Amino acid sequence: MYLSDNELKSIVAHTLPPEKFARLLTEKVVEVEALHRWELDHVVVGAVKAIKPHPNADRLRLVETLVGERTLTIVCGGKNLYPGQRVAVALEGAMVRWHGQGEKVKLEPATIRGVKSEGMICAASELDLPINDRHPEPSKGSREILRAAQNDDDGPFILDLTRFIPTTKPGTRLDVALGLDDVRYEIDNKSLARRADLWGYWGMSREVALITGARQKSQAFPSVRYAKPTIAKIQDKTGCWRYIAARIGNVRVVESPWEVQQKLIQAGLRPINLIVDLTNLVMIQLAQPMHAFDARSIDRIIVRRAKAGERLIALNGKEYGLSPADCVIANSKIPMALAGIIGGEHFGIQQDTTSIIVESATFDPVMVRKTSQRLLLRTDSSARFEKGQPVEMADVALRRFLFLLRQYQPNIVLAHAESSGESKTVNNTVRVDLAWLDQLIGPGVIPVSTTKAILKGLGMKVGGNTKTLIVTAPYWRNDVDIPEDIAEEVSRIFGFNSIPDRLPDLPATLPYRDGARDLTESIRSFLVDRCAMDETESYPFEVPQAMADDRLRIEVISPISQDSKWLRTDLGYNVLEGVAKNLRFSQRVEMFEIGKVFHAGLPGPYPIKTGSKQFLPDQPIHCVVAISHQGDLFRSLKGRVELMGQVLGWEFGFKPASMHPLLDPAQSIDIHCAGQPVGILGLVSAPALRRFDIKQPVALLDLNLGALAQCPRQEKNYTPMSAYPSVLRDIAVVMDHTVPYEQLATVLNDSSALLQSYELFDEYTGKGLPEGKKSLALHLRFSSSGRTLTNEEVDSEIRMMTTILQSELRGDLR
């Protein structure tokens with residue numbers, strides 16, 4: 001959301017400079033993300049004196065333009081130029097966006113078709129100004145030219161300023177002439193999550209008046225007498241809490257005066273016409289959205305739920321399929337608008353509209369948010385309604401709209417106004433223990449008198465006694481309903497920076513050790529510090545590629561989007577999605593994620609509530625590692641698993657793999673620890689790679705950390721290095737290709753007391769070996785802590801080892 005500093009000052013005349021005011025607003029009200037100023041340096045107002053043909057180009061003209069005390073010759077292709085016109089002239093050094101496209105560039109002197117151009121006459125898009133260049137009500141001198149230009153495709157429409165500033169002195173800075181020499185505050189919408197009132201200038205001005213001490217100016221709201229409802233009927237009282245309809249005649253659809261357009265542009269909205277612009281102006285002033293219908297399209301108004309199969313072509317030109325969960329504004333036949341979100345294309349204000357029906361209503365915020373999310377349709381209206389507008393604001397908004405419209409069209413006729421539904425908010429009342437409040441904020445920091453003054457300044461009624469405050473929130477503060485809310489209000493207005501820092505008194509006891517957290521941190525540190533891997537974190541929802549697998553899943557009742565309706569059952573899919581994205585930028589990816597998966601139908605250890613016999617679904621924590629690069633991916637990842645066991649104290653074993661939806665069963669192994677399965681490792685199958693559009697091999701490791709936590713971890717004992725040299729030998733063992741390496745390792749571990757270590761460095765099958773045989777080559781290290789070994793001793797150990805290999809594995813030395 002954007003706030004204009006000048007517009008705020010027109011309501012609360014504070015004197016703080018923008019940077020200091022932004023800091024104060026961030027500290028006490030809402031977070032200001034940035035300060036924006038229009039990039040209009042070196043752009044001035046010019047007056048067209050004469051237009052001559054270009055000697056070397058049929059589509060270009062030489063425009064003699066008065067800028068201050070000098071007249072410039074500017075080469076221009078604009079088709080709506082005429083003498084006497086006020087235009088925007090970019091001089092050397094101005095930042096412009098050519099034809100409204102691409103990045104902004106600095107304007108430099110140029111010679112165009114042999115003629116030097118001393119500037120640039122700009123279109124609105126070239127200056128990033130959201131002003132309509134082709135408004136149907138052009139300046140008087142340009143009507144014939146514009147009428148002819150509508151059918152001419154040659155040349156752009158330049159910004160005709162004559163209708164806004166016809167008498168402005170040429171050479172005046174454009175931002176000054178248009179009142180855009182201002183600062184716009186960009187407000188973080190997250191800080192407005194529960195503050196519906198702060199989505200408008202006047203709600204914000206209440207806070208500004210309190211924190212700056214400036215006086216808030218009064219505003220005009222004419223009274224309206226409501227008649228018995230005859231136009232509108234609320235059928236869906238759950239979705240619509242209040243509906244006000246007013247029929248207004250003798251209106252004219254014209255372009256808004258610049259003062260109205262300027263306010264909208266500063267707020268980030270695009271002007272359309274006077275009727276629509278005034279509804280939007282009321283919205284940014286009061287935070288209450290409104291909507292105007294062409295009265296000719298309405299026989300009656302019914303606020304109801306949509307029927308199955310109904311559709312609406314919205315004002316944005318898109319067609320939306322509706323469901324019975326959506327609230328719509330309909331006539332006797334079809335929907336005319338989506339309640340609280342957007343109007344229908346065929347029921348909006350037309351150029352020949354003379355009679356309108358203005359809607360000012362209050363809709364259920366949850367309903368608006370769900371419909372907006374389902375349709376992926378977020379508007380300025382839905383953003384405000386989903387925060388929860390009070391029913392009183394519907395009446396205030398209509399009265400403000402009538403006041404503004406009469407300013408510009410005094411002859412309008414309010415033929416009828418009616419109100420249905422609720423008209424008053426039940427205010428929240430909160431009891432606050434003053435001793436609790438004092439202890440929470442800090443003993444003696446904020447006097448009770450200051451507390452009461454702050455609350456009253458926020459529009460709250462304050463009663464009670466010396467021990468308890470009874471605080472009643474105003475209708476526009478639906479976010480205040482517990483004592484902690486009162487503590488927050490008092491603290492922020494007083495100033496968090498004004499509350500002295502004091503460390504709490506804590507007992508000097510060791511914190512509780514969470515074994516599961518320690519395990520997770522140990523594995524995370526190993527993968528990051530020892531393996532140099534990147535950690536990722538994804539949302540706990542199934543990715544689209546996982547939905548092809550037929551699994552029992554848990555559906556989210558209120559999803560953040562339609563693609564996030566199901567909780568994930570396998571973390572591997574989320575990690576592979578991350579691999580696919582990262583491979584677009586690098587051919588080497590090594591990443592991991594630690595997170596929960598959710599098993600529908602399998603009860604976990606936690607009850608739904610204390611004492612309940614129903615349990616939440618099982619939510620084991622998994623660690624999934626994925627690597628993709630050139631080289632032997634399988635052995636690389638398996639080696640890291642073995643190193644993890646050595647470093648963290650587990651003795652891992654490997655067995656033929658069970659089925660896994662992402663892995664190739666012929667190139668996968670199960671990981672065991674203490675006789676229990678704890679994970680699986682292997683290469684991702686070709687079908688799975690195609691599902692994620694991955695073009696190179698990927699190895700995947702999936703560890704169940706819950707199962708791993710049950711495995712005993714070996715204590716590390718220090719063994720001093722032998723003072724005597726080691727003896728190194730290499731051997732090659734020939735055995736059946738079906739015998740796994742793990743069996744060979746088991747035999748080697750038990751075959752010799754002098755064998756200190758061994759390492760597999762080669763595997764061979766093929767020429768020179770019998771069919772069905774393989775050769776495994778190993779480095780062996782023999783050592784003794786008490787003496788230097790002789791060759792004869794080592795040879796004896798190898799002969800004994802050979803005998804054991806022959807008897808247990810039918811293996812021979814090659």
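In this text, all values refer to a predicted model and were calculated from it rather than measured experimentally.
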- Would you call Glu763 and Arg635 a salt bridge, taking side-chain N to carboxylate O under 4.0 Å as the test? yes
- Message: Please find the pair of heavy atoms, one from Val739 and one from Lys774, that lie closest to each other, and give the distance.
- Response: O-NZ, 2.7 Å
- Message: Do Ile554 and Trp566 have side chains that approach each other closer than 4.5 Å (heavy atoms only, starting at C-beta)?
- Response: no
- Just wondering, do Glu593 and Val624 contact through their side chains at under 4.5 Å, heavy atoms? no
- Could you give the distance from CG (Leu700) to CZ (Phe592), rounded to the nearest 0.5 Å? 14.0 Å
- Ser612 (side chain) donor-acceptor with Ile608 (main chain) under 3.5 angstrom: no
- Query: Just by modelled atom types, is the Ile341 backbone N or O under 3.5 Å from a matching donor or acceptor in the Thr379 side chain?
  - Reply: yes
- Query: With the threshold set at 4.0 Å, does a side-chain nitrogen-carboxylate oxygen contact exist between Glu793 and Arg729?
  - Reply: no
- Query: So, the side chain of Ser191 versus the backbone of Ile187: is there a donor-acceptor pair under 3.5 Å, distance only?
  - Reply: no
- Message: Using a 6.0 Å cut-off, check whether atom CZ of Phe496 has over 12 heavy atoms from anything other than its own residue.
- Response: yes
- Any side-chain heavy-atom pair from Phe692 and Val698 closer than 4.5 angstrom? no
- Would you indicate whether the side-chain heavy atoms of Val625 and Cys623 approach each other to under 4.5 Å? yes
- Reference residue Leu701; test side chain to side chain contact (heavy atoms under 4.5 Å, CB included); the match among Ile680, Leu527, Leu681: Leu681
- Item | CG-CG distance between Leu662 and Leu576, expressed to the nearest 0.5 angstrom | 5.5 Å
- Can you label the angle between the Phe761 ring and the His779 ring as parallel, tilted or perpendicular, going by 30° and 60°? parallel
- What are the two closest heavy atoms between Ile669 and Phe654, and how far apart are they? CD1-CD2, 3.3 Å
- Message: Under 4.0 Å between a side-chain nitrogen and a carboxylate oxygen: does that hold for Lys104 and Asp128?
- Response: yes
- Please list all pairs passing the side chain to side chain donor-acceptor pair (under 3.5 Å) test where one or both residues lie in residues 669-690, with sequence neighbours left out. Ser658-Asp670
- Task: Check whether any side-chain heavy atom of Asp570 lies under 4.5 Å from a side-chain heavy atom of Val597, and answer yes or no.
- Result: no
- Heavy-atom neighbours of Arg378 CZ exceed 12 at 6.0 Å: yes
- Query: Do NZ/NE/NH1/NH2 and the carboxylate oxygens of Lys638 and Glu642 come within less than 4.0 Å?
  - Reply: yes
- Task: To the nearest 0.5 angstrom, please state how far the CG atom of Leu778 sits from the CG atom of Asp730.
- Result: 8.5 Å
- Task: Tell me, please, whether Phe541 has Arg568 positioned over its six-membered ring: NZ or CZ under 6.0 Å from the ring centre and within 45 degrees of its axis?
- Result: no
- Query: From Leu192 CG over to Asp479 CG, what is the distance, rounded to the nearest 0.5 angstrom?
  - Reply: 11.0 Å
- Message: Counting only heavy atoms from other residues, nucleotides and ligands, does the tally under 6.0 Å from CD of Glu103 exceed 12?
- Response: no
- Message: With no hydrogens and no angle check, just 3.5 Å: does a side-chain donor-acceptor pair link Ser752 and Glu797?
- Response: yes
- Should the pair Arg588-Glu590 be classified as a salt bridge under the 4.0 Å nitrogen-to-oxygen rule? yes
- Message: Does Glu39 have more than 12 heavy atoms from other residues, nucleotides or ligands lying within 6.0 Å of its CD?
- Response: no
- Message: Checking side-chain polar atoms at under 3.5 Å, does Thr520 have a donor or acceptor matched by the opposite partner on Arg524?
- Response: no
- Query: Would you say Asp702 and Leu571 make side-chain contact, with heavy atoms under 4.5 Å?
  - Reply: no
- How about Ser558 and Arg369: do any of their side-chain heavy atoms sit closer than 4.5 Å? yes
- Is the count of non-hydrogen atoms from other residues, nucleotides or ligands lying under 6.0 Å from Gln696 atom CD greater than 12? yes
- Check whether more than 12 heavy atoms from other residues, nucleotides or ligands sit under 6.0 Å from atom CZ of Arg810, and answer yes or no. no
- How far apart are the C-alpha atoms of Leu805 and Leu744, what are their side-chain angles, what is the distance that settles it, and do they pass the side-chain contact (heavy atoms from CB on, under 4.5 Å) test? CA-CA 8 Å; Leu805 288 172; Leu744 174 61; 3.5 Å; yes
- Query: If you round to the nearest 0.5 Å, how far is CG of Leu198 from CZ of Arg384?
  - Reply: 11.5 Å
- Any donor-acceptor pair under 3.5 Å from Ser382 side chain to Ser372 backbone: no
- Item | Any Leu552 side-chain heavy atom under 4.5 Å of Thr569 side chain | no
- Task: Could you tell me whether Tyr539 atom OH has more than 12 heavy atoms of other residues or ligands within 6.0 Å of it?
- Result: no
- By ring pair (Phe, Tyr, Trp, His ring centres under 6.0 Å), which residues pair with Tyr185, not counting sequence neighbours? Phe21
- Is the closest basic N to carboxylate O distance between Arg374 and Asp326 below 4.0 Å? yes
